[in-house]
Chemist: 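Please find one structure pasted underneath; my questions will follow.
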Amino acid sequence: MKTQLIINNELINNEWALVVPEISIENVKKQAGKVVQFKTTGEEIPSHEDIEKTILPEASKVLLPLKLYLLKKVELKKKYSEIGLWIYSHEEINLFKQLDKDINDFPVVGVMIEKFADGRIFSLGNLIRRKLKYKNDMRALGDILKDQLFFLKRSGFTSFLIKEGRDPIDAIKGLNDFTYSYQGTLNEPPLWKKR
Amino acid sequence: MYKYDHIDNQIVNERVNQYQDQLNRFLKKDLTEEEFRPLRLQNGLYIQRHAPMLRVAIPYGLLSSSQLRTLADIADQYDRGYGHFSTRQNIQFNWPKLEDTPHILRKLAESEMHAIQTSGNCIRNITTDPYAGVTPDEIIDTRYVAEIIRQWSTFHPEFALLPRKFKISISGSKQDRALIKTHDIGLELIQDNAQIFANIYVGGGLGRTPIIGQLIKEKLPIEDLLTYCESIIRVYNLYGRRDNMYKARIKILVKSLGVEEFRKQVEEDWEYGANSPNKIDQSEINRIKKFFTEPDYKALSAIDFKNTYKSELHFLKWIDRNTRPHKIQGYRSVTISLKGKKQQAPGDILSEQMRDVADLADKYSFSEIRSTHEQNLVLADVEESHLFEIYNQLIKTNLAEANIGLITDMICCPGGDFCSLANAKSIPIAKSIEQLFDDYDYLYELGSMTLNISGCMNACGHHHVGNIGILGVDKDGSEWYQVTLGGQQGVDASLGKVIGPSFSAEEIPNVIDLVLKTYIEVRLDEELFIDCFNRIGIEPFKERVYQH
Ligand code: SF4
């Protein structure tokens, strides 16, 4: 079984086909995951055309960029039996408000980072849980290594797609780097309450 | 001070294991340089000009004597027998070997120390007033609040990889000795009806674009402090720039959105976050407060130094410059100067000196030492009757320089001798300026003033807020120095003004000399340099300096 997907401290066969648009604009591509979210610069990445041109794989379960889903939901719902959604770390969680149904009707929601050092994923995870009250599997996608897993877990993520080429079995250990944490999170009270 | 229990110990030990694994993976090439970089930085490890540099955390500047001895041992065993106190109250070792760093961290962990978040794009060591708990002008002891924030910010899962470094400072006195307005978040603790509140300043900072922080929240109940900070940092984490490291600090975000809009976004988030699990309650405050209770002070009478030590003129100078009043009668706080000709570089201290200071702390000051952002050390609780003895022992260990607050008490970053970001050297500049002051009478006549030196725009030497500021700049590949005048820290924080075109290293001592001569000639009575500058402006200085 060749898989990079970790759920519940285990490697799990990945049935979800991850759909990622090709980004065409070269100079913007370089900045993807960096500048884009900053409100005053506002370029859209990937562009509307990039999204339209996204190649749709033959599969039954797909993880789709949220913007693609918003654009072609009728066609996509017909084509696939199960759909999960993801956003880039430079997108806003408000995008989910444009959905035609409740976010909890989707079994998987993900956040994609292009650079390991992109810590926006942690806050987005927190907001998706806290503000959007998303209850199902939340997946970390993109440049995901062992070293983010402990933080991702504590920011509300429940599954982790380890970057290709990195040992996913060793990465599992990263989920449990620490026995204790000082601060509380959504599903864990702060340490002082237990002291 | 705060004592670790088995949980705190386990956290730092597991951190060392994690770091050891990261280092191994890097050495085996399972981690790229780009991936390892943020990981090692979050453990205080820089790759410098000559060797790695390891920065060890001294949370809010508080050290026990045994911790200081551990640092001395590390200096001997893994470095070249000295350490360097930084302007963030931390200590740096300039010469460790990469392979040794896990051993050093393990040794630190045994003494309840670590290098967690002393560098990298995360919440850095919390700083505060080095005289917290002992200064007469104190309203609230900031140490327990600093410890609460330290714990909360340690491995905060949401803020592990921010756009840029993030610095928090706390003040609880009338005088702001923690420089809260030049921090990403500055907290001013206040009291009303036995309730504690915080005024929150945001977006201050030095560096390339120096900005004075702005008040974003007034009178926030202390229980909400962490959740409100979470909202501020969350907005920053999401919207701070990540494309340009020079524009990535929170100050740039606050400036570009405007403080009103920034506040609005924070408040909006806080609506959801106010009841986050990190809201603290009185029981937690009391639990941490217990670590910072007053030591057993004796009932003492105050000493009249001038009469008691009439013939000890040097000692009296030292009392005047290097000790300050204590909230308890008969006690004073001693500031040990790490500046002056006998020091290799401002803030440097030899391992033997560390041990001597640790002994003094054991004997005279409840076994505690503090570090200051001015790169000096403090014995906070000393009986006045012990001061003469302490002074004499400091003479023996070459730490009796009576220059606190004087121009030779310079703040100086490591600069081009060590730092790979530097435009220019800073230590030799400090040394060349010191040479101007062979004559102590002249030095004392100049009175209280500050001189701060940074080797580049990153402003680790806080040059903007020095009465005299010196900044290393690069002109066509050679080292030049820009001089600013009129900067000031504290409640009336202000940024220095550039005097004019920059100077070569050789010119600097003469330039400083002319600035000081101008001041001496035009000052009124006892007028301090900064007051004189504020009265007459930059022109007279400029004229004099460039006339030559
Ligand atoms: S101010 Fe510049 S040269 Fe000095 S320590 Fe900081 S980064 Fe290095």
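Protein chains get the first letters and strands the later ones, always in sequence-line order, with residue 1 at the start of each. Atom set for the values below is all heavy atoms of this structure, side chains included, hydrogens, waters and symmetry mates excluded.
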Chemist: Hey, what do you get for CZ (Phe122(A)) to CG (Leu161(B)), rounding to the nearest 0.5 Å?
Modeler: 5.0 Å
Chemist: Roughly how far, to the nearest 0.5 Å, is CZ of Arg234(B) from CG of Leu127(A)?
Modeler: 6.0 Å
Chemist: Taking side-chain hydrogen bond (donor to acceptor under 3.5 Å, both in side chains) as the criterion, tell me which of Arg25(B), Gln18(B), Gln42(B) meets it with Asp147(A).
Modeler: Arg25(B)
Chemist: In this structure, are over 12 heavy atoms from other groups packed under 6.0 Å from Asp105(A) atom CG?
Modeler: yes
Chemist: Just wondering, more than 12 heavy atoms not from Lys73(A) lying within 6.0 Å of its NZ?
Modeler: yes
Chemist: At a heavy-atom separation under 4.5 Å, does Leu39(B) approach chain A through its side chain, its backbone, both, or neither?
Modeler: side chain
Chemist: Considering non-hydrogen atoms only, spot the tightest contact between Arg242(B) and Asp118(A) and give its length.
Modeler: NH1-CA, 3.7 Å
Chemist: Check each atom of Ile280(B) against the heavy atoms of chain A and say whether the ones under 4.5 Å are side chain, backbone, both or neither.
Modeler: both
Chemist: Counting heavy-atom pairs under 4.5 Å to chain B, which of Gly119(A), Pro189(A), Gly156(A) comes out on top?
Modeler: Gly119(A)
Chemist: Are any of the side-chain heavy atoms of Arg195(A) and Asp5(B) separated by less than 4.5 Å?
Modeler: yes
Chemist: Less than 4.5 Å apart, any side-chain heavy atom of Pro157(B) and any of Thr185(A)?
Modeler: yes
Chemist: Relative to chain A, which segment of Ser276(B) carries a heavy atom at a distance below 4.5 Å: side chain, backbone, both, or neither?
Modeler: neither
Chemist: Do you know which of Arg154(A), Glu188(A), Arg130(A), Lys146(A) has the most heavy-atom pairs under 4.5 Å to chain B?
Modeler: Arg130(A)
Chemist: Are the side chain of Asn278(B) and the backbone N or O of Pro190(A) linked by a donor-acceptor pair below 3.5 Å?
Modeler: no
Chemist: Looking at Glu35(B) and Arg166(A), is any side-chain nitrogen of the basic one under 4.0 Å from a carboxylate oxygen of the acidic one?
Modeler: yes
Chemist: Any chance NZ of Lys78(A) has more than 12 other-residue heavy atoms, nucleotides or ligands included, within less than 6.0 Å?
Modeler: no
Chemist: Could you have a look at Gln151(B), Glu34(B), Arg37(B) and say which one has the most heavy-atom pairs with chain A under 4.5 angstrom?
Modeler: Gln151(B)
Chemist: Which residue out of Glu230(B), His156(B), Arg15(B) racks up the most heavy-atom pairs below 4.5 Å with chain A?
Modeler: His156(B)
Chemist: Is it true that a side-chain atom of Gln10(B) and a backbone atom of Tyr180(A) form a donor plus acceptor pair closer than 3.5 Å?
Modeler: no
Chemist: Does any non-hydrogen side-chain atom of Trp192(A) lie less than 4.5 Å from one of Arg287(B)?
Modeler: yes
Chemist: Set out, in order, the CA-CA distance, both residues' side-chain angles and the distance that settles ring-ring contact (aromatic ring centres under 6.0 Å, His included) for Phe155(B) and Tyr182(A), then state yes or no.
Modeler: CA-CA 8 Å; Phe155(B) 305 135; Tyr182(A) 288 116; 8.1 Å; no
Chemist: Non-hydrogen atoms of chain A under 4.5 Å away: do they reach the side chain of Lys279(B), the backbone, both or neither?
Modeler: backbone
Chemist: Just how far is it from atom CD1 of Ile121(A) to atom CG of Leu238(B), taken to the nearest 0.5 Å?
Modeler: 11.5 Å
Chemist: Run Lys173(A) and Asp21(B) through salt bridge (charged side-chain N to carboxylate O under 4.0 Å, His left out) and show every step you take.
Modeler: CA-CA 11 Å; Lys173(A) 295 187 207 132; Asp21(B) 170 67; over 6 Å; no
Chemist: Given side chains that start at C-beta, do those of Asp30(B) and Asp167(A) come closer than 4.5 Å, heavy atoms only?
Modeler: no
Chemist: So which part of Asn126(A) gets closer than 4.5 Å to some heavy atom of chain B, the side chain, the backbone, both or neither?
Modeler: side chain
Chemist: Check the pair Ser123(A) / Glu158(B) against side-chain hydrogen bond (donor to acceptor under 3.5 Å, both in side chains), numbers first and verdict last.
Modeler: CA-CA 6 Å; Ser123(A) 285; Glu158(B) 223 185 306; 2.7 Å; yes
Chemist: Should the heavy atoms of other residues, nucleotides or ligands under 6.0 Å from NZ of Lys167(B) be counted, would the total exceed 12?
Modeler: yes
Chemist: Report yes or no: does Glu14(B) contribute a side-chain atom to a donor-acceptor pair with the main-chain N or O of Thr179(A) at less than 3.5 Å?
Modeler: yes
Chemist: Out of curiosity, Thr154(B) OG1 to Phe178(A) CZ, how far, rounded to the nearest 0.5 Å?
Modeler: 10.0 Å
Chemist: Quick one, Gln183(A) and Leu226(B) - any side-chain contact, counting heavy atoms below 4.5 Å?
Modeler: no
Chemist: Please classify the contact between Asp8(B) and chain A as side chain, backbone, both or neither, with a heavy-atom cut-off of under 4.5 Å.
Modeler: both
Chemist: With a cut-off of 6.0 Å (strictly less than), are more than 12 heavy atoms of other residues, nucleotides or ligands near CZ of Phe291(B)?
Modeler: yes
Chemist: Do Glu284(B) and Leu191(A) come close enough that some side-chain heavy atom pair is under 4.5 Å?
Modeler: no
Chemist: Pick one of side chain, backbone, both or neither for Asn13(B), based on which atoms fall under 4.5 Å of a heavy atom in chain A.
Modeler: neither
Chemist: Are there over 12 heavy-atom neighbours, none belonging to Lys194(A), within less than 6.0 Å of that residue's NZ?
Modeler: yes
Chemist: Please say whether more than 12 non-hydrogen atoms of neighbouring residues, nucleotides or ligands are located less than 6.0 Å from CD in Glu58(A).
Modeler: no
